[in-house]
There are 2 protein chains.
Amino acid sequence: MDTLIENQRVAVPKKLEKMFGHLDYKNPPELCPVRDVMSVASDQWSILILLWLGYYPVLRFNKLKKYVYGISNKVLSQRLKVLEADGYVSRKVYAEVPIRVEYGLTDFGKSYVKRLLDLTEWMQQNSPKVLANREKYGLI
Amino acid sequence: MDTLIENQRVAVPKKLEKMFGHLDYKNPPELCPVRDVMSVASDQWSILILLWLGYYPVLRFNKLKKYVYGISNKVLSQRLKVLEADGYVSRKVYAEVPIRVEYGLTDFGKSYVKRLLDLTEWMQQNSPKVLANREKYGLI
DNA sequence: CATAATTGGTTACTTTTTGTAACTTACTCT
DNA sequence: AGAGTAAGTTACAAAAAGTAACCAATTATG
C-alpha cells in the first residue's frame with residue numbers, strides 16, 4: 001500500500017498497513033478501527049479496571065472502586081458501560097436488597113488482559129529507568 | 001502482602017503487588033510508579049507517536065504530525081517533550097536554516113515499542129469482534 | 001422509634017485537559 | 001514584494017474529568 005503524504009507516495013509497512021489504513025489525509029480517523037478500539041482498551045482507567053477484574057473473578061461496584069484507587073463513581077460507571085459494550089466485561093444484576101451487581105471479565109476480556117499483563121510487567125521492570133531518566137532530564 | 005480494604009485483610013497477588021502497592025487506601029496514588037509510568041506510556045497519542053517512530057528511524061516534527069493523523073501541534077509538542085524526558089524519544093536539533101529537528105527512538109524506546117506492537121497486533125486481529133459486540137449491545 | 005449506613009449508581013457544578021487557529025522568526029523561492 | 005517553510009507557542013473555546021450531594025429501599029444501631 002502507498003499513501004499520499006505531502007504529495008509524495010510513501011510506503012507503509014505491512015504491520016501498520018491495516019492499523020493506519022486511514023493514513024491518506026483525505027480519510028477521517030474514524031475509519032481506523034484499531035484507533036477506535038484502542039481509545040477504549042488502552043485508556044488509563046480501563047486498564048486498571050481490567051487488571052483488577054483479571055485477578056478477582058467477580059467484583060462489585062464499590063469494591064472495584066476501592067481497588068482502582070482514585071477513580072470516581074462517574075468515571076467508573078462510564079468506563080464499565082463502555083467496556084461492557086465492547087465485550088470485555090460482563091455485568092450481572094441480582095434482584096436482592098440492597099441490589100447486588102457483579103462485574104467480571106468475558107473470555108474475550110481475559111484474552112486481552114493477558115496482553116495487558118505483559119505490558120504492565122514491562123512497566124514494572126522498567127519504571128525505575130523511567131523515573132531515573134525523568135530526574136536526569138529535569139536537572140539539565 | 002496484605003492490604004487493608006474495608007477493614008478486611010485482602011491478599012494481593014504477587015504480580016500486582018509491586019504494581020499496586022499503594023492499594024492501602026491511606027497511600028496516595030502518586031506512590032505507585034507503574035501508574036505514573038503508564039500515564040505517559042499508554043496515553044493514546046503517545047502510543048501512536050511511538051509506533052510511527054518505531055517504523056521510521058527519524059522523523060521531523062511536521063512529518064510526524066502527518067503520520068499521527070489528527071494530532072495538534074500543541075499536543076504533539078507536549079507529548080514529545082514528555083516522551084523525551086521519560087527516555088523513550090531522542091531529539092536532535094540541527095542549526096540549519098530553516099531549523100531541522102529530528103525525533104527518533106532511544107534503545108529504551110525501541111524495547112517498549114516491541115511490546116506496543118504486540119498489543120496493537122492483538123487489537124488489529126480483534127477489532128472486528130469489538131465492533132460486532134458494540135453493535136449488538138446497541139441493539140439490545 | 002429515629003438515625004445512620006449500605007447498595008449502585010446519577011446529577012449539577014467546577015476544574016483540568018484538549019482542540020482550534022492564529023502567530024512567530026529567519027530565511028528561500030518565485 | 002509576497003508567499004512558503006521550519007518547529008513550535010499562545011490565547012481562546014470545547015470537551016472531559018473531578019467533586020460532592022443526592023436517590024430509593026432496607027437493615028442495623030442506639
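Only this structure's heavy atoms are used, side chains among them; waters, hydrogens and symmetry mates stay out. Fair warning: this is a prediction, and the values are worked out from it, not measured in the lab. Chain identifiers are assigned alphabetically (A, B, ...) following the order of the sequence lines, protein sequences preceding nucleic acid strands; residue numbering begins at 1 within each chain.
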Completion exercise
CD (B:Glu135) and CG (B:Leu131) are apart, to the nearest 0.5 Å, by 8.5 Å
Just N and O in the side chain of [X]: are any of them under 4.0 Å from OP1 or OP2 of [N]?
X: A:Arg60; N: C:dG8; result: yes
X: B:Tyr94; N: D:dA7; result: no
X: B:Arg91; N: D:dG8; result: yes
X: A:Ser77; N: C:dG8; result: no

Fill in the blank from the handout: Taken in chain and number order and not counting sequence neighbours, the residues that satisfy salt bridge (charged side-chain N to carboxylate O under 4.0 Å, His left out) with A:Arg79 are A:Asp43
Exercise for the section: Could you pull out all residues at least two apart from B:Arg100 that satisfy salt bridge (charged side-chain N to carboxylate O under 4.0 Å, His left out)? Expected result: B:Glu96, B:Glu102
Handout entry: Under the side chain to side chain donor-acceptor pair (under 3.5 Å) test, residues paired with B:Asn133 that sit two or more places apart
Key = none
Exercise for the section: Using side chain to side chain donor-acceptor pair (under 3.5 Å) as the criterion, list what pairs up with A:Ser42, not counting sequence neighbours. Expected result: B:Gln44
Practice task
Scan residues 48-61 of chain A for pairs that pass salt bridge (charged side-chain N to carboxylate O under 4.0 Å, His left out), counting only residues two or more places apart or in two chains.
Solution key: none
Practice task
Only pairs at least two apart or in different chains count here, so list each salt bridge (charged side-chain N to carboxylate O under 4.0 Å, His left out) that has a residue in residues 80-91 of chain B.
Solution key: A:Arg134-B:Asp86
Problem - Under 4.0 Å protein heavy-atom contact, by nucleotide of nucleotides 22-30 of chain D - B base, S sugar-phosphate only - result: ----S----
Practice task
Give a yes or no on whether the ring-centroid distance for B:Tyr67 and B:Tyr56 is below 6.0 angstrom.
Solution key: yes
Below 3.5 Å between N/O atoms, which protein atoms pair up with nucleotides 14-19 of chain C? Just atom names and distances, please.
unit_1, atom_1, unit_2, atom_2, d
C:dT18, OP1, B:Arg79, NH2, 3.3
C:dG19, OP2, B:Trp45, NE1, 3.4
C:dG19, N7, B:Lys74, NZ, 3.0
C:dG19, O6, B:Lys74, NZ, 2.6

Handout entry: Closest contact, heavy atoms only, A:Ile47 versus A:Ala41
Key = CG1-O, 3.7 Å
Completion exercise
On a heavy-atom basis, the closest approach of A:Ser127 and A:Gln124 is OG-O, 3.5 Å
Rounding to an integer number of Å, can you tell me how far [X] [atom1] sits from [N] [atom2]?
X: A:Phe61; N: C:dT10; atom1: CZ; atom2: C1'; answer: 10 Å
X: A:Leu59; N: C:dT7; atom1: CG; atom2: C1'; answer: 15 Å
X: B:Arg100; N: D:dG8; atom1: CZ; atom2: P; answer: 13 Å
X: A:Glu84; N: C:dG9; atom1: CD; atom2: C1'; answer: 14 Å
X: A:Lys65; N: C:dT7; atom1: NZ; atom2: C1'; answer: 12 Å
X: B:Lys66; N: D:dT5; atom1: NZ; atom2: C1'; answer: 10 Å
X: A:Ile99; N: C:dA5; atom1: CD1; atom2: P; answer: 22 Å
X: B:Asn62; N: D:dT5; atom1: CG; atom2: C1'; answer: 8 Å

Handout entry: B:Val93-B:Leu83 co-clustered via ILVMFWY side chain contacts under 4.5 Å
Key = yes
Practice task
Have a look at B:Lys81 and say if it touches a base, only the backbone sugar-phosphate, or nothing, with a 4.0 Å heavy-atom cut-off.
Solution key: sugar-phosphate
Completion exercise
Those residues at least two apart in sequence (or on a different chain) that pass ring pair (Phe, Tyr, Trp, His ring centres under 6.0 Å) with B:Trp122 are A:Phe108, A:Tyr112
Problem - Rounded to 10 degrees, the angle between the two terminal axes of the helix from C:dC1-D:dG30 to C:dT30-D:dA1, each from five pairs - result: 20°
